[in-house]
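Below is one structure, written out as structure tokens; comments come after it.
All residue numbers refer to positions in the sequence shown, counting from 1. Everything numeric here is computed off the predicted structure, so don't read it as measured data.
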Amino acid sequence: MDLDDLTPESLLEQGLQALRDQLGPTWDVSLQPSPREARSGRQHLDALVQVKSDGDSVFTQLLVDLRKNVTPRMVEEQLLPKLDLVRQVNSYTSPMVIAPWIAPRVQLLLRENGIGYIDLTGNMSLRVPRPAIVLYTQGETRSPLAGSPRSTKATLAGPKVGRLVRLLADVFPPYRAAQLAEAAKLSLPYVSRLLDTLEDQLLIRRQGRVIKDVDWPQLLRVRAEQLNLLRHNPYVGMVAPNGIDAVLRALRTLPEADRHSVAVTGSYAAHSVAPLAVGGQLMLYVTAGPHTPDIIGEDLGLLRVDKGADVLMLRAHDSVVFERTVEMDGLPRVALSQLVLDCLSGPGRMPAEGEAVLTYMQENPQLWRAAQLPI
């Protein structure tokens with residue numbers, strides 16, 4: 001799907017055709033006369049659409065808002081005020097957004113606020129009391145768009161983002177962009193662009209230039225969507241001939257110099273705070289040197305294997321994974337924010353374990369969040 005070739009008129013027609021396909025041939029979906037034309041350079045267009053069943057005098061109207069992109073901030077600042085206005089004017093007109101693609105978090109916000117939506121990948125929601133219409137379909141959960149709008153804003157992918165995300169989660173606000181840039185060892189222009197993106201997603205809130213609030217649980221979830229634990233951290237599979245308990249005992253007695261280059265993550269780390277997590281492969285971050293897994297593995301009594309590994313040595317994609325590690329039962333463990341990112345982006349039952357850790361963090365923020373920068 002190429003946004004450069006998608007006009008507002010084409011977006012509207014494709015969206016309405018998707019609605020017709022869902023409703024079936026006994027329903028009429030028609031564009032009302034004189035829709036307001038899009039001005040040159042505008043990113044959205046309003047249209048009024050009438051929906052009714054054949055042979056029925058009862059109809060509903062949809063006030064359609066066409067957008068090339070929809071963000072949570074846009075929902076809060078633009079669409080919700082429009083919704084309030086529509087409801088004041090009449091009760092039989094419902095707001096609807098049509099866009100090329102709508103992210104799952106934005107879909108949830110729209111549904112929670114009674115706003116219908118259609119995107120061109122198959123995501124759709126519409127609830128109307130009269131005539132009774134209830135539609136909900138799921139399409140793409142990741143953007144398939146090519147030729148996306150040109151923007152100077154940073155994305156939530158890449159290792160540099162991880163450093164800032166970890167800081168925002170690990171430290172209570174308030175703070176400024178310059179303080180975050182210095183603490184994360186990132187350039188101020190990059191941090192400023194990334195903060196703009198996070199504000200659009202309602203993941204942070206600012207008063208002037210000061211960040212006053214961080215939705216850190218959702219921030220960690222959104223960041224994890226850009227990650228794949230085992231793909232972004234190349235791993236070496238190993239087996240523990242004497243069992244995992246022997247490996248943990250050896251890990252507790254590693255020389256101090258080696259303990260800085262290894263940290264437990266995954267299910268075993270999650271078990272320390274989340275009872276949901278039991279067993280699973282032991283996952284250990286190690287520094288990214290080519291021989292580090294074998295060196296640490298020898299110290300822990302492990303053997304390399306191609307299949308059937310019960311220990312995975314993950315070559316850390318960035319040194320941030322070792323930031324703010326803690327001792328837990330004598331073991332070096334990644335910080336809780338890093339643990340959540342790893343579990344949510346991991347295989348099997350790990351995402352559920354990540355949510356369990358997240359619940360613990362929400363219930364005990366004073367135990368793991370720092371009061372201020374630097375940390």
Side-chain angles (χ1 to χ4, degrees), residues 69 71-73 103 105 142-143 145 148-206 209-211 213-235 260-261 263 265 283 285-289 292 314-325 334-346 354 358 361 368-370 372-375:
N69 182 45
T71 67
R73 188 180 182 187
R105 182 165 179 244
R142 293 180 180 270
S143 175
L145 303 179
S148 55
R150 296 170 178 82
S151 174
T152 59
K153 293 183 179 179
T155 70
L156 296 180
K160 291 193 296 183
V161 178
R163 300 175 201 171
L164 186 60
V165 166
R166 286 284 312 282
L167 269 180
L168 290 168
D170 287 350
V171 185
F172 283 106
Y175 26 65
R176 294 172 178 267
Q179 295 172 295
L180 292 168
E182 181 179 3
K185 298 180 175 59
L186 299 170
S187 73
L188 180 56
Y190 173 77
V191 169
S192 296
R193 293 196 301 272
L194 182 55
L195 291 176
D196 287 343
T197 298
L198 298 181
E199 190 171 38
D200 279 346
Q201 298 296 321
L202 298 184
L203 297 171
I204 64 170
R205 293 183 185 271
R206 292 188 279 198
R209 297 183 180 182
V210 180
I211 297 167
D213 184 61
V214 177
D215 184 356
W216 59 264
Q218 190 62 30
L219 175 62
L220 293 176
R221 292 187 182 102
V222 172
R223 168 62 177 165
E225 290 175 358
Q226 305 297 319
L227 301 173
N228 181 299
L229 177 64
L230 300 184
R231 186 172 71 239
H232 287 91
N233 302 280
Y235 64 91
H260 294 298
S261 60
T265 190
M283 294 184 177
Y285 271 121
V286 296
T287 51
T292 303
L314 309 177
R315 291 188 177 97
H317 70 282
D318 189 85
S319 61
V320 70
V321 304
F322 295 105
E323 293 289 335
R324 299 176 286 285
T325 57
V334 296
L336 289 178
S337 56
Q338 183 64 49
L339 178 57
V340 166
L341 291 171
D342 293 340
C343 287
L344 292 180
S345 62
L358 202 55
M361 294 167 69
W368 62 274
R369 291 192 91 188
Q372 61 184 13
L373 294 169
I375 57 174

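Counting heavy atoms from C-beta on, the side chains of V222 and Q201 never come closer than 4.5 Å. Within the 4.5 Å cutoff, no side-chain heavy atoms of Q179 are placed close to those of V171. Residues R163 and D318 form a side-chain contact, since some pair of their non-hydrogen atoms from C-beta on lies under 4.5 Å apart. Q226 is not listed as a side-chain neighbour of T155, based on a closest heavy-atom distance of 4.5 Å or more. Residues L341 and L229 are not in side-chain contact: their nearest non-hydrogen atoms beyond the backbone lie 4.5 Å or more apart. Using a 4.5 Å heavy-atom cutoff, the side chains of D215 and L202 are not in contact. For the pair L168 and Y175, the minimum side-chain heavy-atom distance is below 4.5 Å. Between D342 and L227 the shortest side-chain heavy-atom distance does not fall below 4.5 Å.
For Y235, the OH atom sits in a loose shell: 12 or fewer heavy atoms of surrounding residues, nucleotides or ligands are nearer than 6.0 Å.
Heavy atoms only, all atoms of each residue included: S192 and A177 are closest at OG-CB, 4.1 Å. For A169 against R369, the heavy-atom pair with the smallest separation is O-NE, 2.8 Å. Residues W216 and L358 approach most closely at CZ3-CD1, 3.6 Å, considering heavy atoms. Across all non-hydrogen atoms, the minimal contact from R166 to E323 is NH2-O, 2.9 Å. Here the closest heavy-atom approach between residue W368 and residue M361 is recorded as NE1-O, 3.1 Å. Considering all non-hydrogen atoms of both residues, P159 and H317 come closest at CB-CD2, 4.2 Å.
Put simply, NE2 on H232 and OG on S345 are 8.5 Å apart, with the number rounded to the nearest 0.5 Å. Between the CE atom in M283 and the CG atom in L339 there is a gap of 11.0 Å [rounded to 0.5 Å]. L230 CG to L314 CG: the interatomic distance, rounded to the nearest 0.5 Å, is 6.5 Å. How far CG of L219 is from CD1 of I204: 9.0 Å, rounded to the nearest 0.5 Å. With rounding to the nearest 0.5 angstrom, the CG atom of L373 is 12.5 Å from the CZ atom of F172. Atom CG of L180 is separated from atom CD1 of I211 by 5.0 Å, given to the nearest 0.5 angstrom.
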Original post:
Yes or no on side-chain contact (heavy atoms from CB on, under 4.5 Å) for R223 and V161, after CA distance, side-chain angles and deciding distance?
Top reply: CA-CA 8 Å; R223 168 62 177 165; V161 178; 3.9 Å; yes
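Between the side chain of R315 and the backbone N or O of T292, no donor-acceptor pair lies under 3.5 Å.
With sequence neighbours excluded, the residues satisfying side chain to side chain donor-acceptor pair (under 3.5 Å) with R206 are D196, E199.
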